[in-house]
2 protein chains.
Amino acid sequence: MADVLFKALADPTRRTILDELAEKSGQTLFEICSRLSTRHRLGISRQAVSQHLAVLEAAGLVETRREGRCKFHDLNTAPLRRITERWPTPDTPDTPEPEKSTP
Amino acid sequence: MADVLFKALADPTRRTILDELAEKSGQTLFEICSRLSTRHRLGISRQAVSQHLAVLEAAGLVETRREGRCKFHDLNTAPLRRITERWPTPDTPDTPEPEKSTP
DNA sequence: AGGATAGGCAAGTGTTCACTTGCCTATCAA
DNA sequence: TTGATAGGCAAGTGAACACTTGCCTATCCT
């Protein structure tokens with residue numbers, strides 16, 4: 001369950017892909033490839049990026065929509081919230097209440 | 001930099017250790033070992049747990065303090081906040097303000 | 001139809017990683 | 001001092017993983 005999420009975040013290339021999708025939503029596979037190459041100096045094959053996107057999609061971090069022969073990718077940050085919810089910090093509760101107990 | 005943090009979170013055993021430290025702070029290595037064995041049915045050697053704790057400490061997720069021959073481990077959730085800060089959600093800003101814009 | 005664009009499937013390879021085994025050091029109690 | 005407890009260091013092994021290479025399918029344009 002949570003395994004795929006953390007495994008997906010474990011790779012630095014995948015995190016860079018999330019950065020790119022956060023900056024520009026709805027990119028295609030080739031668009032991500034060229035931006036990884038030009039902006040991040042990542043010499044990586046198209047298939048490698050495709051596999052990374054599959055992992056990110058399995059983790060729920062990326063959602064896709066097809067239009068013809070193009071496949072657009074969108075970032076979904078919702079699964080990230082489960083991380084801070086699992087180990088909540090006393091100062092920052094995951095269910096914030098408008099109440100002050102520790103001044 | 002962030003690599004050690006995400007690599008540390010990638011392993012399910014390490015996440016279970018964080019769960020245990022979140023429940024009971026200041027546990028020793030042997031205490032963690034026995035709780036992993038009895039409460040989580042994890043048949044794992046003491047050295048394996050020690051290596052996991054070293055990874056978690058390198059990521060800043062676990063802080064240690066020595067007293068004689070005992071070493072106590074404490075959870076530090078501060079590095080986890082960098083995750084949600086890296087990919088902020090429009091609905092949940094990382095700097096929450098007491099204001100309602102989307103009812 | 002035919003080429004070009006956008007993407008998918010599958011096997012092979014090298015590296016990283018989790019875990020074990022074996023031995024060693026340091027502190028505490030008798 | 002001797003034995004027991006708490007932990008550390010280092011090499012070795014097997015499996016998971018990132019990446020490549022090669023080929024195949026589907027859509028769009030002329």
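By convention in this document, chain letters (A, B, ...) are assigned in the order of the sequence lines, proteins followed by strands, and residues within each chain are numbered from 1. Because the structure is a prediction, the values reported are computed rather than measured.
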(message) Check this for me: does any side-chain nitrogen of one of B/Arg39 and B/Glu23 sit under 4.0 Å from a carboxylate oxygen of the other?
(response) yes
(request) Report yes if at least one side-chain N or O of A/His52 is closer than 4.0 Å to OP1 or OP2 of D/dC19; otherwise report no. (result) yes
(request) Mind calculating the distance between CG (B/Asp3) and P (C/dT16) to the nearest angstrom? (result) 12 Å
(message) If I take atom NE2 in residue B/His73 and atom P in nucleotide D/dA6, what distance separates them, rounded to the nearest angstrom?
(response) 12 Å
(request) Please determine if a side-chain N or O atom of A/Ser50 lies less than 4.0 Å away from the OP1 or OP2 oxygen of C/dG8. (result) yes
(message) Whole angstroms only, please: what is the CZ-P distance between A/Arg14 and D/dA18?
(response) 4 Å
(request) Write down the distance between CD (A/Glu57) and P (C/dG8), rounded to a whole number of angstrom. (result) 9 Å
(request) Give the nucleotide from the list D/dA18, C/dA10, C/dC19 with an atom nearest to the side chain of A/Gln47. (result) C/dA10
(message) At less than 3.5 Å, do the side-chain atoms of B/Gln51 and the base atoms of C/dT20 form a donor-acceptor pair?
(response) yes
(request) Starting from P on C/dT21, measure out to CD1 on B/Ile44 and report it in whole angstrom. (result) 12 Å
(message) Distance check needed: D/dC28 C1' versus A/Glu67 CD, whole Å only.
(response) 14 Å
(message) So, OP1 or OP2 of C/dT20: does either fall under 4.0 Å of a side-chain N or O from B/Ser45?
(response) yes
(request) Could you tell me whether the phosphate oxygens of C/dC19, OP1 or OP2, come under 4.0 Å of any side-chain nitrogen or oxygen in B/Thr13? (result) yes
(message) Tell me the closest heavy-atom pair linking A/Ile44 and A/Ala48, and the distance in Å.
(response) CG1-CB, 3.5 Å
(message) Can you tell me which nucleotide in D/dA18, C/dG7, D/dG7 comes closest to the side chain of B/Arg46?
(response) D/dG7
(request) Could you check A/Lys7 against A/Ala48 and say which one's nearest nucleotide on DNA chain D is further toward the 5' end? (result) A/Lys7
(message) Output the rounded distance in Å from CG (A/Leu42) to C1' (D/dA18).
(response) 13 Å
(message) For the backbone of B/Lys7 and the side chain of B/Arg14, can you confirm whether one donor and one acceptor N or O come within less than 3.5 Å of each other?
(response) yes
(request) Identify, between B/Arg69 and A/Val55, the residue whose nearest nucleotide on DNA chain D lies closer to the 5' end. (result) B/Arg69
(message) Just N and O in the side chain of A/Lys71: are any of them under 4.0 Å from OP1 or OP2 of C/dG8?
(response) yes
(request) Specify the separation, in whole Å, of atom CG of B/Leu9 and atom P of C/dA18. (result) 12 Å
(message) I'd like to check A/Thr89 versus B/Leu80 (side-chain heavy atoms, cut-off strictly below 4.5 Å). Are they in contact?
(response) no
(request) Output the single nucleotide from C/dG7, D/dG7, D/dT21 whose closest atom is nearest the side chain of A/Arg66. (result) C/dG7
(request) Check A/Cys33 against A/Arg46 and note the closest heavy-atom contact, atom names and distance. (result) SG-CA, 3.8 Å
